[in-house]
S.K.: 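Handing you a structure now.
Below, all heavy atoms of this structure are taken into account, side chains as well, without hydrogens, waters or symmetry copies. Each chain gets a letter, A, B and so on, in the order the sequences are listed, and its residues count up from 1.
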2 protein chains.
Amino acid sequence: MRLVIARCSVDYVGRLTAHLPMAPRLILMKADGSVSIHADDRAYKPLNWMNPPCTVREKPGEDGTSVWTVTHSKSGEQLILTIEEILHDSSHELGVDPGLRKDGVEAHLQELLAKHITTLGEGYTLIRREYPTAIGPVDILCRDGNGTTVAVEIKRRGEIDGVEQLTRYLELLNRDPTLRPVRGVFAAQEIRPQARVLATDRGIACVTLDYDALRGIKKDEMTLF
Amino acid sequence: MRLVIARCSVDYVGRLTAHLPMAPRLILMKADGSVSIHADDRAYKPLNWMNPPCTVREKPGEDGTSVWTVTHSKSGEQLILTIEEILHDSSHELGVDPGLRKDGVEAHLQELLAKHITTLGEGYTLIRREYPTAIGPVDILCRDGNGTTVAVEIKRRGEIDGVEQLTRYLELLNRDPTLRPVRGVFAAQEIRPQARVLATDRGIACVTLDYDALRGIKKDEMTLF
DNA sequence: CAGTGGATATCGTGT
DNA sequence: ACACGATGTCCACTG
């Protein structure tokens with residue numbers, strides 16, 4: 001990663017044509033070949049940029065300037081930087097990043113639903129989250145008001161896969177005499193029609209989760225179908 | 001603008017929950033208060049970030065680490081950076097950026113239409129682009145197949161303003177005996193109904209420009225109303 | 001209505 | 001079905 005602070009002007013010719021007048025800016029050149037030009041505002045969004053794959057050609061310009069031409073390898077788009085003065089220039093080896101782990105909506109929904117398990121219905125009690133089975137953990141195992149065991153599968157977007165997964169869990173759980181009978185609840189922020197049809201056909205209830213509501217603002221906005 | 005290269009781990013708690021394991025990264029702190037954490041790839045997109053308005057609190061952590069807590073002033077979202085080692089740290093005054101000037105679609109459309117002026121009709125010939133008048137340049141001045149002068153106003157989105165502008169040009173141009181009579185053509189990627197009505201009422205033809213078609217893929221896809 | 005800024009969402013693509 | 005990357009677009013907000 002190379003960090004350059006320089007007085008530069010920039011011209012972009014590609015999907016549109018754009019120009020940046022001469023001013024001091026950050027030029028961020030990453031190991032993936034990308035180049036982005038940042039001002040001291042606009043949060044993380046650069047003023048202009050070039051995505052990989054691209055190549056940088058550096059050559060002298062007029063009046064002692066230096067011209068960096070960044071060319072996109074496929075589209076031919078160009079970013080032309082005219083450098084008047086370099087105020088800082090440093091390079092750093094960062095290596096490959098382990099990357100972002102999103103505990104994301106699914107995990108968060110699970111946590112919230114476990115905490116507010118009665119949103120599934122009155123008298124519901126949590127048995128445990130991530131209830132282990134031979135084919136993987138069930139997101140939530142709980143009991144309804146009648147004491148019947150309920151297995152809950154949580155997804156951000158409920159699709160057929162999720163229904164199939166829950167079906168497998170239910171089949172397995174229903175072999176356990178201490179749990180049997182086990183009902184299924186398919187919970188997601190958004191449930192695709194096909195998934196809903198399949199779930200209903202298998203006697204699995206569908207619950208649409210309202211994330212904000214679950215976060216505790218208003219618990220009542222959860223709708224049960 | 002402060003540039004920090006540091007071994008850090010990051011936890012984000014907000015709209016979702018995310019974690020970044022300890023690794024060397026760029027921490028970009030802008031004058032607007034924003035903080036973004038970049039790996040050496042993914043083009044201009046940071047691994048994680050916090051938008052303004054936010055505040056940064058720096059305090060010692062365990063084992064000699066330093067913990068930077070970035071808190072969003074309104075939502076309370078937090079970005080927690082645990083810094084193990086600082087490899088680079090520099091600050092730079094950039095001042096306010098003059099900002100991006102998008103010559104954008106309009107200039108590009110003008111260029112393309114000038115190049116393919118016959119897309120307005122058979123026998124059309126270009127007089128010149130940016131034809132100067134006392135009240136500003138006319139985007140394109142050309143002649144149709146009959147030798148009649150035609151003034152073209154080009155916009156990305158055709159609104160009433162553009163029609164008014166073209167009307168003023170036409171009024172002026174029609175005073176010139178060497179050009180008179182001058183017809184008007186209002187060309188845009190998208191023309192608002194009101195603008196179209198006004199233009200038609202004034203005897204100005206409307207042309208919807210197909211950007212991709214003009215770019216030379218298929219010249220025929222331009223539609224004349 | 002025009003101009004600006006922000007998107008951890010959503011979409012599309014590829015596997 | 002899923003993961004990843006890109007949005008140079010789109011929308012919502014402001015004045």
S.K.: With rounding to the nearest 0.5 angstrom, report the CD1 to SG distance, Ile37(B) to Cys8(B).
M.R.: 6.5 Å
S.K.: Measure from CD on Gln165(B) to P on dC1(C) and round the result to the nearest Å.
M.R.: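 Going from Gln165(B) (CD) to dC1(C) (P), I get 17 Å.
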S.K.: Less than 3.5 Å apart, any donor N or O on the side chain of Thr119(A) or His116(A) sitting next to an acceptor on the other?
M.R.: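 On atom types as modelled, these side chains do not qualify, holding no pair under 3.5 Å.
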S.K.: Can you check the Leu100(A) CG to dA6(D) C1' distance for me, whole Å?
M.R.: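 My rounded result for the distance is 16 Å.
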S.K.: Just checking, is any N or O donor in the side chain of Gln78(A) or Thr71(A) under 3.5 Å from an acceptor N or O on the other one?
M.R.: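 Result is yes, a qualifying pair exists.
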S.K.: Rounding to an integer number of angstrom, what distance separates dC13(D) and dT10(C) when you compare their P atoms?
M.R.: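 One P to the other, the span is 16 Å.
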S.K.: Rounded to whole angstroms, how far apart are NZ on Lys30(B) and P on dG5(C)?
M.R.: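 In whole Å, dG5(C) P and Lys30(B) NZ are 12 Å from each other.
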S.K.: Between Thr167(A) and Arg202(A), does any side-chain donor sit less than 3.5 Å from a side-chain acceptor?
M.R.: yes
S.K.: Below 30° counts as parallel, above 60° as perpendicular, anything between as tilted: where do the rings of Trp49(B) and Tyr44(A) land?
M.R.: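 Geometry flag for Tyr44(A) against Trp49(B): tilted rings.
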S.K.: Using the C1' atom as the point on both nucleotides, what is the distance between dA3(D) and dT8(C), in whole Å?
M.R.: 16 Å
S.K.: From NZ of Lys74(A) over to P of dA6(D), roughly how many Å is that when rounded to an integer?
M.R.: 10 Å
S.K.: In terms of the nearest nucleotide of DNA chain D, which residue is placed more toward the 5' end: Ile160(A) or Pro52(A)?
M.R.: Ile160(A)
S.K.: Does anything in residues 40-48 of chain B come within less than 4.0 Å of DNA chain C? Heavy atoms only, and list the residues if so.
M.R.: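 Here the set is Lys45(B), Asn48(B).
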S.K.: Want to settle it: does Glu77(B) or Arg157(A) sit nearer the 5' end of DNA chain C, counting the closest nucleotide to each?
M.R.: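 Result: Glu77(B).
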S.K.: Would you mind reading off the distance between Asn51(A) atom CG and dG12(C) atom P, rounded to a whole angstrom?
M.R.: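 Rounded to the whole Å, the gap is 19 Å.
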S.K.: Inspect the contact between Asp139(B) and Arg129(B) and indicate whether a charged nitrogen and a carboxylate oxygen are less than 4.0 angstrom apart.
M.R.: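 Salt bridge absent between Arg129(B) and Asp139(B).
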S.K.: Can you tell me how far C1' in dC11(C) sits from the matching atom in dC11(D), rounded to whole Å?
M.R.: 15 Å
